[in-house]
S.K.: 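Okay, here's the structure, questions in a sec.
If you're wondering where the values come from, they're calculated on a predicted model, not measured in any experiment.
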Amino acid sequence: AILIVSFVCVSSKKMAALHGLRWCPTRSVTACSLHISSSIAAKQHYKMLVLGGGSGGITMGARMKRLMGAENVAVVEPSEMHYYQPIWTLVGAGAKTAASSGRSTASVMPSGVKWVKSKVQEINPDTNTVRTDDGTEISYEYLIVALGIQLHYEKIKGLPEGFEHPKIGSNYSIQTVEKTWNALQNFKEGNAVFTFPNTPVKCAGAPQKIMYLSDAYLRKTGKRSKANVIYNTSLPVLFGIKKYADSLWEIVKRRDLQINLRQNLIEVRADKQEAVFENLDKPGETSVVEYEMLHVTPPMGPSLVVKGSPLADEAGWLDVDKDTLQHKRYPNVFGIGDCTNLPTAKTGAAVAAQSAILNRTISKTLKKEKPDKKYDGYTSCPLVTSYNTVILAEFDYNGQPLETFPINQAKERRLMYHMKADVMPHLYWHGLLRGLWGGPGPYRKLFHLGMK
């Protein structure tokens with residue numbers, strides 16, 4: 001989940017927001033301290049505690065409400081706004097507005113479920129307790145961890161302060177997604193550079209989706225002949241599933257897009273419009289690329305709260321069984337979404353598929369029965385290739401296509417674009433977040449309902 005914090009100091013507002021800092025005006029330090037000290041003794045208890053109010057957290061909050069009653073469920077989430085992040089690809093390309101991607105957290109929180117409007121500070125599964133940043137201790141019988149993935153712009157030298165300059169943006173944050181669109185609109189001539197970091201990321205197709213959309217926009221506005229469109233990725237492949245990668249390579253060649261593999265962004269000199277990359281195959285070798293437009297996909301990592309807890313694996317991700325989503329060492333703890341170490345791509349479609357499996361796992365656990373449904377790793381990535389076409393990639397743990405429709409989904413299609421841009425947001429707000437849609441192959445379920 002992306003945590004959005006509101007600030008009231010004009011002089012510090014921009015930089016604090018970009019750094020994601022929690023900031024309090026100097027004159028209010030005493031008040032802030034008093035608030036914390038007065039809450040230290042506060043204690044709460046719930047049968048089911050959900051950490052995180054993103055896609056996975058809200059979805060499971062809704063499902064748990066039906067399973068055990070709203071009064072027994074609480075969701076811990078500090079943000080006042082909830083965002084449908086998959087649409088940010090289109091926001092960065094000017095096809096959707098940023099405002100359309102967000103709704104108040106209050107409006108998506110399942111009715112009757114307790115909303116704990118705080119940030120998780122510490123998880124102690126040995127005592128079945130969670131501590132929030134205002135000092136409140138919450139105990140639980142069962143815990144669902146849905147804390148998402150952490151963005152680390154600061155691991156690139158020159159960021160996040162570089163976003164203060166024009167010609168640079170990122171579709172991975174609400175503070176920077178409109179900067180992508182501004183940079184694209186103001187492009188004149190030169191290099192349009194798009195990056196993929198040397199870490200796991202959520203929606204691994206998104207870094208190249210904006211490249212295809214930018215290429216389409218530059219063609220539409222007559223600027224493409226003056227542009228070099230460059231995709232520098234840390235990966236050794238364009239896309240991890242060969243069937244779809246083959247189609248993407250055809251698009252790349254047809255549109256004259258430059259793909260440089262094993263190139264990792266390590267520095268942005270925004271004042272000079274320069275990006276510095278390291279060659280991952282030749283340690284110590286770097287190159288400097290001048291840009292007229294730069295889209296940054298930041299390095300990402302596990303939630304720091306999870307990483308600092310006994311729930312983490314060696315890499316810091318929530319250590320869950322890949323079949324049942326139950327924690328490997330704490331049977332009353334479960335996980336969903338980007339914070340987990342499930343060996344599949346981190347996408348909203350994966351959350352939809354995982355939610356039904358997790359609901360079944362918890363139902364069986366409550367009855368002291370063994371889980372009988374397995375998650376096959378289903379995930380999906382609608383690869384937007386223009387303003388009206390999408391390649392719908394769907395696959396499982398083994399990287400094998402796990403497709404919904406009786407057609408070749410590796411082909412660009414208008415139908416898939418409309419599903420991505422129009423149908424899926426509606427299903428997200430009115431289906432998934434209410435716990436009414438999802439399951440193994442959520443697109444397949446949609447197809448069988450006749451909503452093609």
Side-chain angles (χ1 to χ4, degrees), residues 86 89-90 92-93 171-172 192-216 219 228-265 277 279-281 295-297 299-300 338 342-350 353 376-417 419-420 424 441-444:
T89 288
L90 300 180
N171 291 352
Y172 276 89
V193 182
F194 305 84
T195 74
F196 190 110
N198 191 28
T199 66
V201 301
K202 54 182 170 181
C203 193
Q208 61 183 288
K209 295 177 192 179
I210 187 59
M211 171 185 66
Y212 300 125
L213 284 163
S214 297
D215 170 71
R219 291 178 187 278
N228 299 313
V229 180
I230 302 169
Y231 183 59
N232 278 7
T233 173
S234 66
L235 300 176
V237 294
L238 182 58
F239 192 71
I241 312 303
K242 186 178 184 303
K243 176 177 180 177
Y244 308 113
D246 288 346
S247 295
L248 293 172
W249 276 116
E250 290 178 9
I251 293 170
V252 163
K253 292 172 184 176
R254 186 169 68 246
R255 300 186 192 176
D256 192 25
L257 308 175
Q258 183 179 331
I259 310 298
N260 299 316
L261 306 176
R262 303 292 287 158
Q263 296 294 310
N264 182 46
L265 179 66
F277 294 88
N279 185 335
L280 296 176
D281 289 333
H295 177 269
V296 176
T297 301
M300 302 181 202
D338 296 351
L342 296 170
T344 192
K346 301 177 184 296
T347 70
D376 58 9
Y378 172 88
T379 191
S380 174
C381 183
L383 292 153
V384 184
T385 55
S386 76
Y387 284 89
N388 57 16
T389 56
V390 158
I391 289 174
L392 181 59
E394 295 180 283
F395 47 96
D396 62 14
Y397 275 139
N398 299 317
Q400 296 302 308
L402 196 62
E403 298 181 340
T404 296
F405 302 94
I407 54 177
N408 179 13
Q409 290 184 196
K411 182 179 178 181
E412 295 176 279
R413 296 183 186 276
R414 289 175 180 266
L415 171 65
M416 300 306 179
Y417 178 87
M419 189 168 75
K420 156 74 176 177
M424 298 315 297
Y443 291 107
R444 192 175 306 118

S.K.: If you measure from CG on Asn171 to NE2 on His295, what distance do you get to the nearest 0.5 Å?
M.R.: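 Spacing of CG (Asn171) from NE2 (His295) equals 3.5 Å.
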S.K.: Please identify each residue that fulfils side chain to side chain donor-acceptor pair (under 3.5 Å) with Ser386, with sequence neighbours left out.
M.R.: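 Applying side chain to side chain donor-acceptor pair (under 3.5 Å) to Ser386 gives Asn388, Thr389.
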S.K.: Backbone N or O of Asn264 within a donor-acceptor pair of the Asn198 side chain at under 3.5 Å?
M.R.: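 Answer holds: no.
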S.K.: So, does Tyr244 use its side chain to make a donor-acceptor pair with the main chain of Pro401 at under 3.5 Å?
M.R.: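 No.
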S.K.: Between Met211 and Tyr231, which heavy-atom pair has the shortest distance, and what is it?
M.R.: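 Distance-wise, the nearest heavy atoms are SD-CB, 3.3 Å.
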S.K.: To the nearest 0.5 angstrom, please state how far the CD atom of Gln409 sits from the CG atom of Leu402.
M.R.: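 Rounded to the nearest 0.5 Å, the CD-CG separation comes to 9.5 Å.
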S.K.: Do the non-hydrogen side-chain atoms of Asn279 and Gln263 ever get within less than 4.5 Å of each other?
M.R.: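 Side-chain contact under 4.5 Å: yes.
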S.K.: What pair of heavy atoms forms the shortest contact from Thr344 to Gly377, and how long is it?
M.R.: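 Looks like OG1-O, 2.7 Å.
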S.K.: Evaluate the side-chain proximity of Leu342 to Tyr397: yes if any heavy-atom separation is below 4.5 Å, no if none is.
M.R.: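 Side-chain contact under 4.5 Å: yes.
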S.K.: Measure the spacing between CE of Met416 and OG1 of Thr385 and express it to the nearest 0.5 Å.
M.R.: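 Output value for this atom pair is 12.0 Å.
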S.K.: Would you say that Asp338 contacts Met300 through its side chain, given a criterion of any heavy-atom pair below 4.5 Å between the two side chains?
M.R.: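 No; the side chains remain at least 4.5 Å from each other.
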S.K.: Do any N or O atoms from the side chain of Lys209 and from the backbone of Leu90 form a donor-acceptor pair under 3.5 angstrom?
M.R.: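 No, because the side chain of Lys209 does not come within donor-acceptor range (under 3.5 Å) of the backbone of Leu90.
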S.K.: Does any N or O in the side chain of Asn398 come within less than 3.5 Å of the main-chain N or O of Gln400, such that one atom is a donor and the other an acceptor?
M.R.: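 Not a single qualifying donor-acceptor pair exists.
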S.K.: Taking all non-hydrogen atoms of both residues into account, name the closest pair between Val193 and Phe277 and its distance.
M.R.: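 That closest heavy-atom pairing would be CG1-CZ, 3.9 Å.
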S.K.: Where is the tightest heavy-atom contact between Ile407 and Glu403, given as atom of each residue plus distance?
M.R.: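 That closest heavy-atom pairing would be O-OE1, 3.9 Å.
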S.K.: Check whether Glu394 reaches the backbone of Thr404 with its side chain - one donor and one acceptor, N or O, closer than 3.5 Å.
M.R.: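 Yes, the answer is positive, given that a donor and an acceptor are paired below the 3.5 Å cut-off.
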S.K.: Side-chain contact, heavy-atom cut-off 4.5 Å: Phe405 with Arg413?
M.R.: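 No, every pair of side-chain atoms sits at 4.5 Å or beyond.
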S.K.: Using a cut-off of 6.0 Å, state whether more than 12 heavy atoms not belonging to Arg414 lie near its atom CZ.
M.R.: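 Result for CZ/Arg414: open.
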S.K.: With a 4.5 Å limit on heavy-atom distance, are the side chains of Leu280 and Leu261 in contact?
M.R.: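 Leu280 does not reach Leu261 side chain to side chain.
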S.K.: Can you name the nearest heavy-atom pair linking Phe196 to Pro207, along with the distance?
M.R.: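 For Phe196 versus Pro207, the nearest heavy atoms are CD1-CG, 3.5 Å.
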S.K.: Going by heavy atoms in the side chains, are Pro236 and Arg262 under 4.5 Å from each other?
M.R.: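 The answer is yes, as the side chains (C-beta and beyond) meet within the 4.5 Å cut-off.
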S.K.: Relative to each other, are the rings of Phe395 and Phe239 parallel, tilted or perpendicular (30° and 60° limits)?
M.R.: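 Correct class here is perpendicular.
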S.K.: Give a yes or no answer on whether the side chain of Thr199 reaches the backbone of Pro299 with a donor-acceptor pair at less than 3.5 Å.
M.R.: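 Such a contact is absent between Thr199 side chain and Pro299 backbone.
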S.K.: Does some side-chain heavy atom of Ile251 sit less than 4.5 Å from a side-chain heavy atom of Ile391?
M.R.: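 SC-SC contact between Ile391 and Ile251 confirmed.
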S.K.: Are side-chain heavy atoms of Thr297 and Phe194 found at a separation under 4.5 Å?
M.R.: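 Thr297 vs Phe194: side chains apart.
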S.K.: So Val296 and Tyr172, side chain to side chain contact (heavy atoms under 4.5 Å, CB included) or not? Walk me through it.
M.R.: CA-CA 8 Å; Val296 176; Tyr172 276 89; over 6 Å; no
S.K.: For the residue pair Tyr212 and Val384, what are the closest heavy atoms and their distance?
M.R.: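 Heavy-atom minimum between the residues: CD1-O, 3.5 Å.
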S.K.: Do the side chain of Ser247 and the main chain of Ala410 share a donor and acceptor less than 3.5 angstrom apart?
M.R.: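 Flag set: sc Ser247 to bb Ala410 pair under 3.5 Å.
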